[in-house]
Structure formats: C-alpha cells, structure tokens
Amino acid sequence: MRYLLLLAGLVLSAFASEDPDVKVWSRIISDIRLEEYRIYVRDPQIRRLVDRIGWIRRVDRCSEATLAIESREYPLTGAECASVAKLANDYRLFLRDKGAVGAFFWLKSRPTILFSAPRLRRFGLEVDEEMRQYMEDLP
C-alpha cells in the first residue's frame with residue numbers, strides 16, 4: 001500500500017510540474033502587449049509548448065497571427081510572415097531577422113531573453129515594465 005501511494009504521488013507530481021520552457025514562453029508572450037494573442041508556430045516542439053499555454057490561440061496560417069515564433073530549424077520566410085512580429089529561439093536568427101522583436105534561447109545552460117526596442121516600435125508593440133530590463137537597441 002505504501003508503494004502504491006508513493007507511485008501515485010510521483011505520477012501526480014510529474015503532471016503538476018510545468019516545463020520551464022512553457023513558463024518562460026508564456027511569460028514572454030503575455031508581457032508583449034497585444035489586443036489578441038493569435039500565435040503562429042511551425043516548429044513542432046515549440047508548437048507543443050505553446051499548446052500547453054491555455055490562454056493562447058494557435059493559428060495555422062501566419063497571415064492570421066498577431067505574433068509568430070520561429071526557430072533555427074523552422075525559420076519564417078516569405079511575404080506571408082513579413083508583416084507579423086516574431087519571436088526567435090536562436091540568437092543568430094534574432095539578429096538576422098529584422099522582423100524578430102524578441103528572442104528566448106538557452107546560452108551556457110541559462111535562459112536568455114532579449115527584446116529589440118526599435119523593432120518593437122516598428123510593429124507598434126510594447127512590453128511590460130518587468131521585461132524592459134531585457135531591451136537592447138538592436139536595429
């Protein structure tokens with residue numbers, strides 16, 4: 001009986017614990033002030049993370065999105081995504097894509113968050129006060 005209770009506790013705690021990536025993506029997205037959170041994601045791994053954030057509506061076409069998330073493996077190119085603000089999960093992709101307003105990536109086993117102030121202004125977006133510490137003047 002003791003082992004059954006221990007096993008049940010372990011299973012419940014595994015389901016209750018939330019992936020740190022889910023928490024960070026949720027926080028980053030929520031701190032970008034949007035009227036509606038319609039997110040486009042091509043990367044299957046990030047798509048699974050976004051699907052676990054209950055208040056976000058994921059869309060199937062970039063043209064329907066208010067924000068898109070791109071990855072090194074699945075960059076968002078083409079005219080359909082050109083007018084949509086993007087978040088990148090790679091530093092080099094963030095620097096290269098002038099439509100990327102922010103980034104979340106792991107650097108030396110630590111989560112790193114960056115936002116570009118000029119790019120946010122170009123898309124007419126703002127971030128909450130708590131995220132302003134991650135602002136850079138990247139063109």
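Computed from a predicted structure; not experimentally measured.
Linking Ile, Leu, Val, Met, Phe, Trp and Tyr residues whenever their side-chain heavy atoms come within less than 4.5 Å leaves Y74 and L67 in two separate clusters. Connection of I53 to I32 is established within a shared hydrophobic cluster, with ILVMFWY side chains joined at heavy-atom distances below 4.5 Å, either directly or through further cluster members. When hydrophobic clusters are built by joining Ile, Leu, Val, Met, Phe, Trp and Tyr residues whose side-chain heavy atoms come closer than 4.5 Å, directly or via intermediates, Y91 is not grouped with Y134. Under a hydrophobic clustering in which Ile, Leu, Val, Met, Phe, Trp and Tyr are joined whenever their side-chain heavy atoms come within less than 4.5 Å, directly or via other members, I113 and L120 fall into the same cluster. W55 is connected to V24 through a chain of hydrophobic side-chain contacts under 4.5 Å among Ile, Leu, Val, Met, Phe, Trp and Tyr, so both are in one cluster.
The side-chain hydrogen bond (donor to acceptor under 3.5 Å, both in side chains) test with W106 is passed by exactly one of D21, T112, D90: D21.
Surrounding CD of Q45 are at most 12 heavy atoms belonging to other residues, nucleotides or ligands under 6.0 Å away.
In this structure, R119 satisfies the cation-pi test against F94, with its NZ or CZ atom closer than 6.0 Å to the six-membered ring centre and inside 45 degrees of the ring normal.
In this structure, I46 CD1 and E73 CD are separated by 8.0 Å, a value rounded to the nearest 0.5 Å. The CG atom of L49 lies 8.5 Å from the CD1 atom of I69; values are rounded to the nearest 0.5 Å. Residue D43 holds its CG atom at 9.5 Å from CG of L76, rounded to the nearest 0.5 Å. To the nearest 0.5 angstrom, C62 atom SG is 7.0 Å from K86 atom NZ.
The two residues S30 and D128 have their closest heavy-atom pair at O-OD2, 4.1 Å. A pairwise comparison of heavy atoms in A65 and Y40 identifies CB-CB, 3.7 Å as the closest pair. Looking at every heavy atom in both residues, L138 comes nearest to S116 through O-OG, 2.5 Å. Taking each heavy atom of I29 and Y37 in turn, the nearest pair found is O-CE2, 3.2 Å. Contact between R72 and N89 at its shortest, heavy atoms only, is N-OD1, 3.5 Å. The heavy-atom pair separating R132 from V127 by the smallest distance is NH2-O, 3.1 Å.
Between F104 and W25, the two ring planes are perpendicular [angle over 60°; tilted spans 30° to 60°].
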Using the side chain to side chain contact (heavy atoms under 4.5 Å, CB included) rule, take L93 and R96 through it: C-alpha gap first, then chi angles, then the decisive distance, then the call. CA-CA 5 Å; L93 181 61; R96 188 175 60 237; 3.3 Å; yes

Chi angles and distances behind the side chain to side chain contact (heavy atoms under 4.5 Å, CB included) call for L87, V101: CA-CA 6 Å; L87 293 174; V101 297; 4.3 Å; yes

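Within the 3.5 Å criterion, the main-chain N or O of R42 finds a donor-acceptor partner in the side chain of R47. Not one N or O on the side chain of E126 forms a donor-acceptor pair closer than 3.5 Å with the backbone of R33. Without hydrogens or angle criteria, R58 side chain to V41 main chain gives no donor-acceptor distance under 3.5 Å. At least one donor-acceptor pair under 3.5 Å links the side chain of T66 to the backbone N or O of E36.
Residues R122 and P118 form no side-chain contact, since every pair of their non-hydrogen atoms from C-beta on lies 4.5 Å or further apart.
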